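The model shown is predicted, which means the values in this text are computed figures rather than measured ones.
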Amino acid sequence: MWRAAAVLPALALVAAVAGCGSGGGEAKGIPLVQQGQLTTCTNPPYEPFESRKNGEIVGFDMALIDLVAEDLGVPQEVTTAPFETIQSGQALNVGNCDIAASAITVTDVRKENFDFSEPYFQASQALLVPKDSGVNSLDQLEGKTVGYQKGTTGEKYAKEHAKPKGITIKQYADLGLLYPALKNGQIDAVIADDFVLRDFVQQNPDYEMSKKFDTSESYGFGVESGSDKLRKKINEVLARAKQDGTYDRLHEKWFGFAPSEK
């Protein structure tokens with residue numbers, strides 16, 4: 001398996017359109033935005049799904065897309081972009097990448113902007129607070145401030161369920177800004193995906209995921225609308241990985257436990 005890490009600054013996203021659209025190729029009859037590589041857009045940090053380690057973008061999502069790249073016989077090239085441009089479909093539609101892999105919840109709105117693979121992961125929203133806070137519900141946060149990541153389903157949940165309770169809600173571009181805000185006391189709690197918060201708590205025992213909200217979300221990998229050949233290839237590789245045990249092994253590697261132990 002191969003992977004290289006490349007960083008696209010936010011302001012360069014649109015400027016890169018001409019270059020990405022003009023150098024396309026294909027692998028096994030599947031069109032690619034760049035010759036000889038499968039290009040993935042993601043938004044770290046979002047451990048354990050995607051994060052930077054020693055100058056490389058790694059994680060559960062990247063490992064699964066590595067399987068697709070391996071099947072196609074090309075390396076995976078990972079680029080970063082703001083999550084807003086990923087979940088809106090912009091990064092795909094302007095030709096910056098072949099696949100969007102960033103723990104993206106499948107929603108009806110997003111399905112209007114790009115196509116999804118079959119779901120590969122189940123998650124819910126949850127509440128992260130300091131361990132000694134005694135807070136285990138939104139009702140206890142009236143008059144307090146809750147942070148969320150812009151463009152995520154955490155934002156939707158905060159606006160629909162936290163704000164009506166008299167809670168101030170505050171958005172951040174990514175978890176790299178959101179977590180420090182909690183640690184520095186700028187906000188009192190965080191609403192985000194449960195498995196991401198679970199990973200944070202494992203590394204930061206002074207915090208706890210005190211409440212899980214049953215939002216029953218499914219993650220999918222995104223492709224540009226109409227990219228049926230690539231979408232079917234992703235589905236084929238995912239199905240094979242689940243059948244032969246590869247999915248379980250990768251899950252245990254990145255989450256520390258098997259899917260059956262969720």
Any Lys/Arg nitrogen of [X] or [Y] sitting under 4.0 Å from an Asp/Glu carboxylate oxygen of the other?
X	Y	value
Lys53	Glu47	yes
Arg240	Glu236	yes
Asp206	Lys131	no

Do [X] and [Y] belong together in a cluster built from hydrophobic side chains that touch within less than 4.5 Å?
X	Y	answer
Val135	Met209	no
Leu197	Tyr207	yes
Val109	Leu92	no
Leu72	Leu64	yes
Ile167	Ile191	yes

Would you mind reporting whether [Y] and [X] have side-chain heavy atoms less than 4.5 Å apart?
X	Y	result
Gln37	Gln76	no
Arg231	Asp228	yes
Arg110	Gln87	yes
Asn43	Gln149	yes

Hydrogens and angles aside, do [X] and [Y] bring a side-chain donor and acceptor to less than 3.5 Å of each other?
X	Y	answer
Gln125	Glu217	yes
Gln90	Asn96	no
Glu77	Thr39	no

Which value, rounded to the nearest 0.5 Å, describes the distance between [X] atom [atom1] and [Y] atom [atom2]?
X	Y	atom1	atom2	value
Met62	Ser51	CE	OG	9.5 Å
Lys170	Leu178	NZ	CG	10.5 Å
Cys97	Leu38	SG	CG	9.5 Å

*Could you check Lys28 against Asp71 for side chain to side chain contact (heavy atoms under 4.5 Å, CB included), going step by step and ending with a plain yes or no?*
CA-CA 9 Å; Lys28 292 189 176 180; Asp71 187 281; 3.7 Å; yes
*Are His251 and Phe257 close enough that their ring centres sit under 6.0 Å apart?*
yes
*How are the rings of Phe49 and Phe255 set relative to one another: parallel (under 30°), tilted (30 to 60°) or perpendicular (over 60°)?*
perpendicular
*Are any side-chain N or O atoms of Glu224 and backbone N or O atoms of Gly95, one a donor and one an acceptor, separated by less than 3.5 Å?*
no
_Ser137 backbone acceptor or donor facing Gln140 side chain under 3.5 Å_ = yes
*Given side chain to side chain contact (heavy atoms under 4.5 Å, CB included), test Thr105 with Thr152 step by step and report yes or no.*
CA-CA 8 Å; Thr105 297; Thr152 64; over 6 Å; no
*Give me the one residue out of Tyr46, Tyr219, Tyr120 that meets side chain to side chain donor-acceptor pair (under 3.5 Å) with Asp61.*
Tyr120
*Under the side chain to side chain contact (heavy atoms under 4.5 Å, CB included) rule, what do Ser124 and Asp193 come out as? Steps first, then yes or no, please.*
CA-CA 6 Å; Ser124 292; Asp193 292 1; over 6 Å; no
*Please name the residue in the list Trp254, Tyr247, Phe195 that meets the ring-ring contact (aromatic ring centres under 6.0 Å, His included) test with Phe60.*
Tyr247
*Under the side chain to side chain donor-acceptor pair (under 3.5 Å) rule, what do Glu208 and Asn136 come out as? Steps first, then yes or no, please.*
CA-CA 10 Å; Glu208 64 178 344; Asn136 57 22; over 6 Å; no
*Would you check, one step at a time, whether the test side chain to side chain contact (heavy atoms under 4.5 Å, CB included) holds for Leu67 with Thr246?*
CA-CA 9 Å; Leu67 300 178; Thr246 302; 3.9 Å; yes
*For Ala81 and Ile86, which heavy atoms make the closest approach, and how far apart are they?*
O-CD1, 3.8 Å
